[in-house]
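Just below is one structure, and these are the notes that go with it.
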Amino acid sequence: MRTRRTVAIASAALGLLLSGCGASGGAKGAAPRDVVKLLSGASKEPYSARLRTVSSEAGARVYLSQGRANFNAPLTGRFDEETKAYGGEEVVVTDARVYRRPAPRGRAGGPWESFDASTAEGGIPLKNLRGYAQLLVDHGARPVVADEEGVGPVQLLAARIRPVDLKPVDAVAAGNLDGVGVIDTEVRLDDQGRVVRVEQKFVGPRGGATIQSTVTLRDFEPPVKVSAPEAS
């Protein structure tokens, strides 16, 4: 697995429910949907969503990112990050570059550093969430109705995949998981076919610690303008 600094659009993560496993707290009276039709009928218009990512290693949180990102368009956004290694940071993702600067609590941010846009990607393919959900269906996932806080009844898909399976969906995300074995993955869809949660769990390369991450999407709105920050 490549080790690189990533923004919220990041990391591979929690997926405790596998294909064929039941989900607790299913919505009463709701029935599973035809998720293939649900995905194909989802709007392809650009939108933005409030994005939150939490990652842990061996049960200890190592990463938290919160902000708003654009989808169905170049993946861009603005985020506040906290990492075990780097502390607090502000992050701006444009379609060409990623900008980061230290942001200690109660103090003004430091100078911006610029990185290639590919560093905005982790192991979860946020550039192609619809394709990710379809991948789970192709690997045997069958929808189970579950309750999602802040959303209501959702269609839960879960399957076990490998990094090589991810390549057709997002080659960069697959490359970021190089060296990982199997990935337990869960995706949840709302009634409009939008992904509202992605969870993954895997063991790091060479018998490393268990890595878990959860990405949630909320407050869907029109796209937001994101531009490179002014030099400080």
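If you're wondering where the values come from, they're calculated on a predicted model, not measured in any experiment.
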Legend entry - Pairwise distance CD1(Ile124) to OH(Tyr132) - rounded to 0.5 angstrom: 6.0 Å
Inset, instruction - Considering only NZ, NE, NH1 and NH2 on the basic side and carboxylate oxygens on the acidic side, decide whether Arg197 and Glu149 come within less than 4.0 Å. - result: no
Legend entry - Cluster overlap Leu136 with Val182, hydrophobic side-chain contacts below 4.5 Å: no
Inset, instruction - Please tell me if the side chains of Leu51 and Thr216 come closer than 4.5 Å, counting only heavy atoms from C-beta onward. - result: no
Legend entry - Where Ala141 and Ala159 come nearest, the two heavy atoms and their spacing: CB-CB, 4.3 Å
Legend entry - Asn72 versus Ser43, closest heavy-atom pair with distance: ND2-O, 3.1 Å
Legend entry - Arg97 versus Ala117, closest heavy-atom pair with distance: N-CB, 4.0 Å
Legend entry - Flag, side chain of Gln155 to backbone of Arg33, donor-acceptor distance under 3.5 Å: yes
Inset, instruction - Mind checking the CZ-CD spacing from Arg78 to Glu90? Nearest 0.5 Å is all I need. - result: 9.0 Å
Inset, instruction - Run the numbers on Tyr63 and Val54 for side chain to side chain contact (heavy atoms under 4.5 Å, CB included), then give the verdict. - result: CA-CA 6 Å; Tyr63 179 83; Val54 179; over 6 Å; no
Inset, instruction - Would you check if Lys44 and Arg130 make a side-chain contact, meaning some heavy-atom pair closer than 4.5 Å? - result: yes
Inset, instruction - Could you tell me whether the side chain of Leu39 reaches within less than 4.5 Å of the side chain of Leu189, counting heavy atoms only? - result: yes
Legend entry - Sidechain N-carboxylate O distance under 4.0 Å for Arg160, Asp184: yes
Inset, instruction - Working to the nearest 0.5 Å, report the span between CD1 of Ile183 and CZ of Arg162. - result: 9.5 Å
Inset, instruction - Would you please test Arg100 and Phe115 for side chain to side chain contact (heavy atoms under 4.5 Å, CB included) and show each step? - result: CA-CA 8 Å; Arg100 314 177 69 99; Phe115 302 87; 3.5 Å; yes
Legend entry - Working for side chain to side chain contact (heavy atoms under 4.5 Å, CB included), residues Trp112 and Val92: CA-CA 10 Å; Trp112 291 98; Val92 177; 3.8 Å; yes
Inset, instruction - Scan side-chain atoms only and decide if Thr76 and Asp95 contain a donor-acceptor pair under the 3.5 Å cut-off. - result: no
Inset, instruction - Please name the pair of heavy atoms, one in Ala133 and one in Val187, separated by the smallest distance, quoted to 0.1 Å. - result: CB-CG1, 4.0 Å
Legend entry - Exam field: side chain Ser48 to backbone Pro222, donor-acceptor pair closer than 3.5 Å: yes
Legend entry - Distance, nearest 0.5 Å, that separates CG of Leu64 from CD of Glu81: 9.0 Å
Legend entry - Donor-acceptor pair, side chain of Asn128 and main chain of Val169, under 3.5 angstrom: yes
Legend entry - Student check: side-chain heavy atoms of Val154 and Val145 closer than 4.5 Å: no
Inset, instruction - Identify the heavy atoms of Asn176 and Gly122 that sit nearest to each other, and give their distance. - result: ND2-O, 3.0 Å
Inset, instruction - Assess the side chains of Tyr99 and Glu113: does a donor N or O sit below 3.5 Å from an acceptor N or O? - result: no
Inset, instruction - Check whether any side-chain heavy atom of Leu126 sits under 4.5 Å from a side-chain heavy atom of Val195, and report yes or no. - result: no
Inset, instruction - Evaluate the criterion side chain to side chain contact (heavy atoms under 4.5 Å, CB included) for residue pair Glu186 and Val198; output intermediate values, then yes/no. - result: CA-CA 6 Å; Glu186 179 183 302; Val198 179; over 6 Å; no
Inset, instruction - Check whether any side-chain N or O of Ser56 sits under 3.5 Å from a backbone N or O of Gly59 as a donor-acceptor pair, and report yes or no. - result: no
Inset, instruction - Decide whether a cation-pi geometry holds between Arg194 and Phe220; the criteria are a distance under 6.0 Å from NZ or CZ to the six-membered ring centre and an angle within 45° of the ring axis. - result: yes
Legend entry - Ser55 side chain reached by Ile211 side chain, heavy atoms, under 4.5 Å: no
Inset, instruction - For Glu45, look at atom CD and say whether over 12 heavy atoms of other residues, nucleotides or ligands are found less than 6.0 Å away. - result: no
Legend entry - Straight-line distance of Lys225 NZ to Asn70 CG, nearest 0.5 Å: 12.5 Å
Legend entry - Check: Arg68 side chain, Val224 main-chain N or O, donor-acceptor pair, under 3.5 Å: no
Legend entry - Check: Asp34 side chain, Lys37 main-chain N or O, donor-acceptor pair, under 3.5 Å: yes
Inset, instruction - Enter the distance from Thr185:OG1 to Asp165:CG here, rounded to the nearest 0.5 Å. - result: 9.5 Å
Inset, instruction - Would you mind checking if Arg61 and Glu82 are paired as a salt bridge, meaning a charged N to carboxylate O distance below 4.0 Å? - result: yes
Legend entry - Leu166 with Val203, same ILVMFWY side-chain cluster at under 4.5 Å: no
Legend entry - Smallest separation among heavy atoms of Ala120 and Val93, with atom names: CB-CG1, 3.9 Å
